[in-house]
Amino acid sequence: MTQQANSTSKTATAIAHPNIALSKYWGKQTFGHNLPAVPSLSLTLRGMQTKTSVTFDGALASDAFELNGQPAEGVVLQRVTQMLDRVRALGGSAERAHVVSSNDFPTASGLASSASAFAALATAATHALGLQLSRDVLSDLARRISVSAARSLFGGFVELRAGVPSDEALSANEVAGPDFWDVAIVVAVTREGAKDVGSSDGMKHTRDTSPYYKAWVDSAPATFTHLRAGLLERDLTKMGPAIEQSALSMHAGALAANPAILYFSGATVEVIHAVRKMRAGGLEGYLTIDAGPHVKVFTRGADAEKVAAYLASVPGVLRTITARPGAGATVVAG
Ligand code: DP6
């Protein structure tokens, strides 16, 4: 973070990028506050962003949140207020805030909007109150509201270990910066609009009812360790099968919940088959899928355009977004 907050205006604006997990987080520990049950490894992306402005104002009776031009209420506003309450406690303030946020990519659809949202909010809100916090502290703050948001504080490849009972704080950690490796993630967008089951609810339901949840928690650390090693060797061929196994095991656990959670649409399955066919034809890329119907393909930077063209031709794919490694959350005004 490069700019000083202006403590007299109590306003600041930050941007943050979504991150896509190559080794997935799915499930919270039963102890502690919002601690992940498994380690995760993600890539922070440029090419998609959340921009959030926070203004603390003593004249406001309550927090107000405007998302993509619409006033937000209910659970969405509650989560924003939870973050603001933590920031107010840190800054010794009782003032309510007006928060204006916009995403330039589909919101709440499995494109990791909560990650960029809470990374940007933690960054903007603390700066608005004049707090100068390290990225580690901001990552921990973001993690308390949304685990994946802890990773968007950092750029490039980012890890977050599983929580342990003694954790009083838990922050993500940069494994390799955005310039470490020329790679891309190509998103095949298969539906516009919000998803059916949010990730927080979906992972709780999986933990509570899926007989495969324990197998997921037991197997995820080895997948993570393999992927991390492959990343440090810049070895796409080594990482690829583990990337797909992480995502598909996560979904297998959710599918085995009672009742089942199914994030895939028909087009999702079409894209899974297409990616296998693409590889068989010599174009290397590996898929991952979050809590939504879109398919994201991790590939070499030099192959990104070819992969995007391939995915765009799959029936049911509405459009593609090509994203490359990006930076962590940043204050842009304040
Ligand atoms: C499938 O971070 O959105 O994207 O901690 O409850 O806010 P909460 O969940 P969230 O879950 C993200 C799940 C995922 C995988 C990942 O990003 O690791």
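If you're wondering where the values come from, they're calculated on a predicted model, not measured in any experiment. One-based numbering, in listed order, for ligands and for the atoms of each.
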(request) Using a strict 4.0 Å threshold on nitrogen-to-oxygen distance, state whether Glu244 and Arg279 make a salt bridge. (result) yes
(message) So for Arg143, does at least one of its heavy atoms come nearer than 4.0 angstrom to any atom of ligand 1?
(response) no
(request) Using the side chain to side chain donor-acceptor pair (under 3.5 Å) rule, collect all pairs that involve residues 169-190, keeping only residues at least two apart or in two chains. (result) Glu159-Asn173
(request) Measure the OG1-CZ distance between Thr52 and Phe118 for me, rounded to the nearest 0.5 Å. (result) 9.5 Å
(message) Yes or no: does Arg79 have any heavy atom under 4.0 Å from an atom of ligand 1?
(response) yes
(message) Out of all atoms in ligand 1, which are within 4.0 Å of some heavy atom of Ser114? Include the element for each.
(response) 3 (O)
(message) If I apply the N/O under 3.5 Å rule, does Arg151 come out as touching ligand 1?
(response) yes
(request) Check each heavy atom of Ser146 against ligand 1 and say whether those closer than 4.0 Å belong to the side chain, the backbone, both or neither. (result) both
(message) With nothing but distance in play, are any N or O atoms of Ala291 less than 3.5 Å from an N or O of ligand 1?
(response) no
(request) Look only at the side chain of His205 and the backbone of Ala260, and say whether a donor-acceptor pair between them is shorter than 3.5 Å. (result) no
(request) Just let me know how Ser148 lines up against ligand 1, side chain, backbone, both or neither, with a heavy-atom cut-off below 4.0 Å. (result) both
(message) Between Arg86 and Asp140, does any NZ, NE, NH1 or NH2 come within less than 4.0 Å of an OD or OE carboxylate oxygen?
(response) no
(request) For Met250, counting its heavy atoms only, list the atoms of ligand 1 lying under 4.0 Å from any of them. (result) 1 (C)
(request) Quick one: sort the Tyr263 and Trp26 rings into parallel, tilted or perpendicular, breaks at 30° and 60°. (result) perpendicular
(request) Provide the number and element of each atom of ligand 1 under 4.0 Å from a heavy atom of Ala21. (result) 16 (C), 17 (O), 18 (O)
(request) With heavy atoms only and a cut-off of under 4.0 Å, state how Ser200 meets ligand 1: side chain, backbone, both or neither. (result) both
(message) Within ligand 1, which atoms have a heavy atom of Met203 less than 4.0 Å away?
(response) 9 (O), 11 (O)
(request) Give a yes or no on whether a salt bridge exists between Lys51 and Asp104, defined as a side-chain N under 4.0 angstrom from a carboxylate O. (result) no
(message) For the CD atom on Glu73, are there more than 12 heavy atoms of other groups (residues, nucleotides or ligands in this structure) within a distance under 6.0 Å?
(response) no
(message) Distance under 4.0 Å to a non-hydrogen atom of Lys28: what atoms of ligand 1 satisfy this?
(response) 5 (O), 6 (O), 8 (P)
